[in-house]
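What follows is a set of notes on a single structure, which appears directly below.
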Amino acid sequence: MTSSVPPTSTKKPYCSTSTSNTSGAEPSLEKVQTIEDVLQDVERSEDESARERLELSRIRSGAVDMDPYEQEKEHQRGMSRVDTEDPDVVGWDGVEDPEHPFNWPNGKKWRITLIAALVTFCVTFASSVFTAGIPSIAAEFHVSTTVATLGLTLYLVGFATGPLVFAPMSEVYGRNVVYIGTWIPFMLFQIGCALSKNVATLLISRLICGIAGSSPLSNAGATLGDIWTPAERGDALSVLALAPFMGPVFGPIIGGFLAEYVSWRWTFWLVLIMSGVMFIFLLLCMPETYGKTLLERKAARLRKETGNENLHAAHERGGISHMQRFGQSIVRPLVMLFTEPIVFLAALYCALVYAIMYMNFVAYPVVYQKERGWGMGVGGLPFLAIGFGMLCAIATSPWRTKIYLKLTAERGNGKVYPEGRLPFSIFGALCLPVAIFWFGWATLPQVHWICSVLAGIPFGFGMVTLFICMFSYLVDSYLLYAASSLAANTLLRSLFGAFFPLFAKRMYIELSPRWASTLLGFISLAMAPIPYLFYKYGPVLRARSKSKF
């Protein structure tokens with residue numbers, strides 16, 4: 001026996017063929033079929049396979065179960081997948097509206113994902129490629145290595161401060177205007193770095209590059225949240241989470257060979273070439289993804305087509321200008337950082353791990369160049385072990401997705417269940433202290449160099465696993481405010497990454513790599529329970545969260 005699948009809403013109050021109503025009569029609107037109606041149809045269906053297909057379609061499209069209060073909140077935010085009854089409010093034309101980013105073809109969504117990952121790789125590569133040239137810069141400008149290291153510090157300070165503006169800006173003006181508007185100064189000031197005649201010019205240019213290059217760190221994750229449903233988001237975020245760490249891994253390797261055989265200035269020319277290619281991708285291949293911005297554009301298009309000046313997106317009904325909304329949004333990352341326990345603890349833990357990674361850019365030269373006598377280029381090759389560990393973490397993506405879907409089905413009650421993202425992070429958190437202790441005590445002179453190099457594998461695995469899970473957890477927990485939650489995370493971890501390397505070299509020399517790693521290992525071990533605490537008490541913490549910021 002066969003049965004047709006009950007239809008979903010196909011209401012299209014405004015479409016490209018609409019015309020202005022000059023007769024004064026109200027245009028007829030089709031009756032909206034709500035989610036409740038669909039569910040009732042499903043219950044009346046005798047065909048179990050039809051019910052399963054419909055439910056799968058609803059989950060993939062993002063039409064999760066919502067009570068009336070939640071529906072109203074989503075209407076106010078302008079992101080509802082349920083049609084509004086107000087004839088002047090422009091929304092999505094049903095669950096399967098092709099204009100909604102969730103319904104874009106997978107090929108298009110993966111293209112956007114890869115571009116977001118590549119621009120993130122580019123800006124993080126630019127952060128660490130500088131480290132290989134620090135000795136040469138110090139010698140050429142007659143400054144100490146600490147002053148030369150400020151080029152890394154100021155770049156990461158830019159990473160910390162930029163998202164405080166760019167994340168809320170993307171939630172007001174859209175993602176693309178932020179990507180493209182910040183990418184231009186990022187490219188231009190690479191030229192300033194490459195042609196610097198004194199250390200002051202170099203440091204100022206690095207600071208501006210860091211500020212301008214920071215937008216992908218918070219907005220790329222939000223972009224993926226715009227286009228992928230929760231059930232599909234895990235694999236995409238895995239690809240994105242790899243970029244901020246693969247960039248720093250390859251930076252010292254390539255920069256080491258450039259500084260040794262060509263010039264430290266060529267590290268900036270290389271970044272300029274890479275960023276120029278990325279700029280072309282952003283201009284030609286990166287569409288706008290933010291739902292509010294797309295609805296604003298849809299409303300503007302329909303006002304022009306129909307002549308009805310009352311048409312507007314739901315979030316525009318309050319008459320608040322873009323500048324007012326931006327003013328309200330700019331403090332959101334700081335508010336979330338200091339009022340949301342989930343955001344603060346996740347940011348603190350990620351900041352510690354991020355700082356240790358950037359301390360490795362100082363520790364590895366001490367271990368392999370100072371103690372073992374390797375050259376700058378070869379001395380950067382041990383970072384490949386960290387990169388291999390990162391790839392292993394990405395390879396676990398199918399298992400993470402499977403566990404997430406299972407936990408969501410069992411505990412989510414048809415809604416997004418952020419804690420389903422966390423099981424792998426518990427294991428990743430345990431890998432980190434093991435790797436740090438391993439690296440430190442494998443650097444003894446009588447121990448073969450391969451032993452300390454191999455310690456990078458569990459470090460890379462644990463770090464990326466932790467970040468993937470934490471990023472996914474923040475995106476699922478805060479949804480529309482994902483960019484701000486990630487900006488808060490970026491702020492803290494970039495500050496840690498900026499200032500820890502300033503004292504890292506002295507720490508590794510004075511304490512020795514063994515005891516310096518032991519200290520960091522114990523700090524990492526003390527932070528390791530955080531993912532488990534989120535997994536167990538996350539629903540309680542989220543229940544106490546503010547609904548708006």
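In this chain, numbering begins with 1 at the start of the sequence shown.
- Listed for the Tyr368 side chain is no donor-acceptor partner under 3.5 Å among the backbone atoms of Leu381.
- Considering CD1 of Ile137 and CZ of Phe130, their distance stands at 4.0 Å, rounded to 0.5 Å.
- With a 6.0 Å radius and a threshold of 12 heavy atoms from other residues, nucleotides or ligands, Phe141 has its CZ atom above the threshold.
- Of all non-hydrogen atoms in Met286 and Asn176, the two that sit nearest each other are O-ND2, 2.6 Å.
- Arg400 CZ to Thr465 OG1: the interatomic distance, rounded to the nearest 0.5 Å, is 6.0 Å.
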Legend entry - side chain to side chain donor-acceptor pair (under 3.5 Å) between Tyr358 and Ser127, worked out: CA-CA 10 Å; Tyr358 272 87; Ser127 72; 2.7 Å; yes
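- Residues Phe279 and Phe186 are not in side-chain contact: their nearest non-hydrogen atoms beyond the backbone lie 4.5 Å or more apart.
- At a threshold of 4.5 Å between non-hydrogen side-chain atoms, the residues Pro531 and Leu466 count as touching.
- Residues Leu345 and Ile530 approach most closely at O-CD1, 4.1 Å, considering heavy atoms.
- The ring of Tyr173 has its center no closer than 6.0 angstrom to the ring center of Tyr290.
- Panel note: side chain Ser275, backbone Val271; a donor-acceptor pair is recorded below 3.5 Å.
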Legend entry - side chain to side chain contact (heavy atoms under 4.5 Å, CB included) between Thr396 and Phe461, worked out: CA-CA 10 Å; Thr396 63; Phe461 178 88; 3.9 Å; yes
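- Remark: the Tyr404 side chain and the Ser472 side chain contain no N/O donor-acceptor pair separated by less than 3.5 Å.
- In this structure, Lys109 places its NZ atom where more than 12 heavy-atom neighbours from other residues, nucleotides or ligands lie under 6.0 Å away.
- When all heavy atoms are compared, the tightest approach of Pro458 to Cys431 is O-CB, 3.7 Å.
- Between the side chains of Trp183 and Ser215, no donor-acceptor pair of N or O atoms lies under 3.5 Å.
- A heavy-atom distance below 4.5 Å is not found between the side chains of Leu207 and Phe189.
- Note that Arg411 lies outside the cation-pi zone of Tyr417, set by a 6.0 Å cut-off to the ring centre and a 45° limit from the axis.
- The distance from the CH2 atom of Trp110 to the CD1 atom of Ile227 is 9.0 Å, given to the nearest 0.5 Å.
- Across all non-hydrogen atoms, the minimal contact from Gly225 to Val475 is CA-CG1, 4.3 Å.
- The line from OG of Ser263 to CD of Glu140 is 7.0 Å long, rounded to the nearest 0.5 Å.
- A heavy-atom distance below 4.5 Å is not found between the side chains of Leu407 and Arg421.
- Residues Leu502 and Leu152 fail the side-chain proximity criterion, which asks for heavy atoms closer than 4.5 Å.
- For Trp441, the CH2 atom is densely surrounded, since the number of other residues' heavy atoms within 6.0 Å is greater than 12.
- Counted within 6.0 Å of CZ on Arg372, heavy atoms from surrounding residues, nucleotides or ligands total more than 12; the atom is thus considered enclosed.
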Inset, instruction - Test side chain to side chain contact (heavy atoms under 4.5 Å, CB included) on Arg542 and Glu419 and set out the steps. - result: CA-CA 10 Å; Arg542 289 189 292 108; Glu419 285 69 31; 2.6 Å; yes
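- Contact between Val343 and Leu337 at its shortest, heavy atoms only, is CG1-CA, 3.9 Å.
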Legend entry - Residues Leu217, Phe166; criterion side chain to side chain contact (heavy atoms under 4.5 Å, CB included); working and verdict: CA-CA 10 Å; Leu217 297 182; Phe166 301 141; over 6 Å; no
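- Between Met507 and Val362 there is no side-chain heavy-atom pair separated by less than 4.5 Å.
- Between Phe534 and Tyr473, a ring centre-to-centre spacing shorter than 6.0 Å is recorded.
- Expressed to the nearest 0.5 Å, how far CD1 of Ile356 lies from CZ of Phe496 amounts to 10.5 Å.
- Between the side chain of Thr267 and the main chain of Trp264, a donor-acceptor pair closer than 3.5 Å is present.
- Side-chain N or O atoms of Thr124 include one that pairs as donor or acceptor with a backbone N or O of Phe121 at under 3.5 Å.
- Remark: the backbone N or O of Thr443 is paired with a side-chain donor or acceptor of Arg514 at under 3.5 angstrom.
- Between the Ser144 side chain and the Val147 main chain, a donor and an acceptor come within less than 3.5 Å of each other.
- Within the 4.5 Å cutoff, the side chain of Glu340 has no heavy atoms near those of the Phe344 side chain.
- Using a 4.5 Å cut-off on side-chain heavy atoms (C-beta onward), Phe159 and Val123 make contact.
- Between Ser170 and Asn219, the shortest heavy-atom distance links the atoms OG-OD1, 3.2 Å.
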Inset, instruction - I would like to know whether Trp399 and Phe424 meet side chain to side chain contact (heavy atoms under 4.5 Å, CB included); could you show each step before the answer? - result: CA-CA 9 Å; Trp399 288 276; Phe424 264 78; 3.8 Å; yes
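- Between the side chains of Ser425 and Tyr535, no donor-acceptor pair of N or O atoms lies under 3.5 Å.
- No side-chain donor-acceptor contact under 3.5 Å links Arg206 to the backbone of Thr153.
- Judged by distance alone, the side chain of Ser205 and the main-chain N or O of Leu202 form no donor-acceptor pair under 3.5 Å.
- Between Tyr364 and Phe439, the gap from one ring centroid to the other is short of 6.0 Å.
- Taking CD1 from Ile115 and OG1 from Thr120, the interatomic distance works out to 11.5 Å, rounded to the nearest 0.5 Å.
- Between Phe500 and Phe503, the distance from one ring center to the other falls under 6.0 angstrom.
- A ring-ring contact (aromatic ring centres under 6.0 Å, His included) with Phe383 is found for one member of Phe250, Phe388, Phe361 and no other, namely Phe361.
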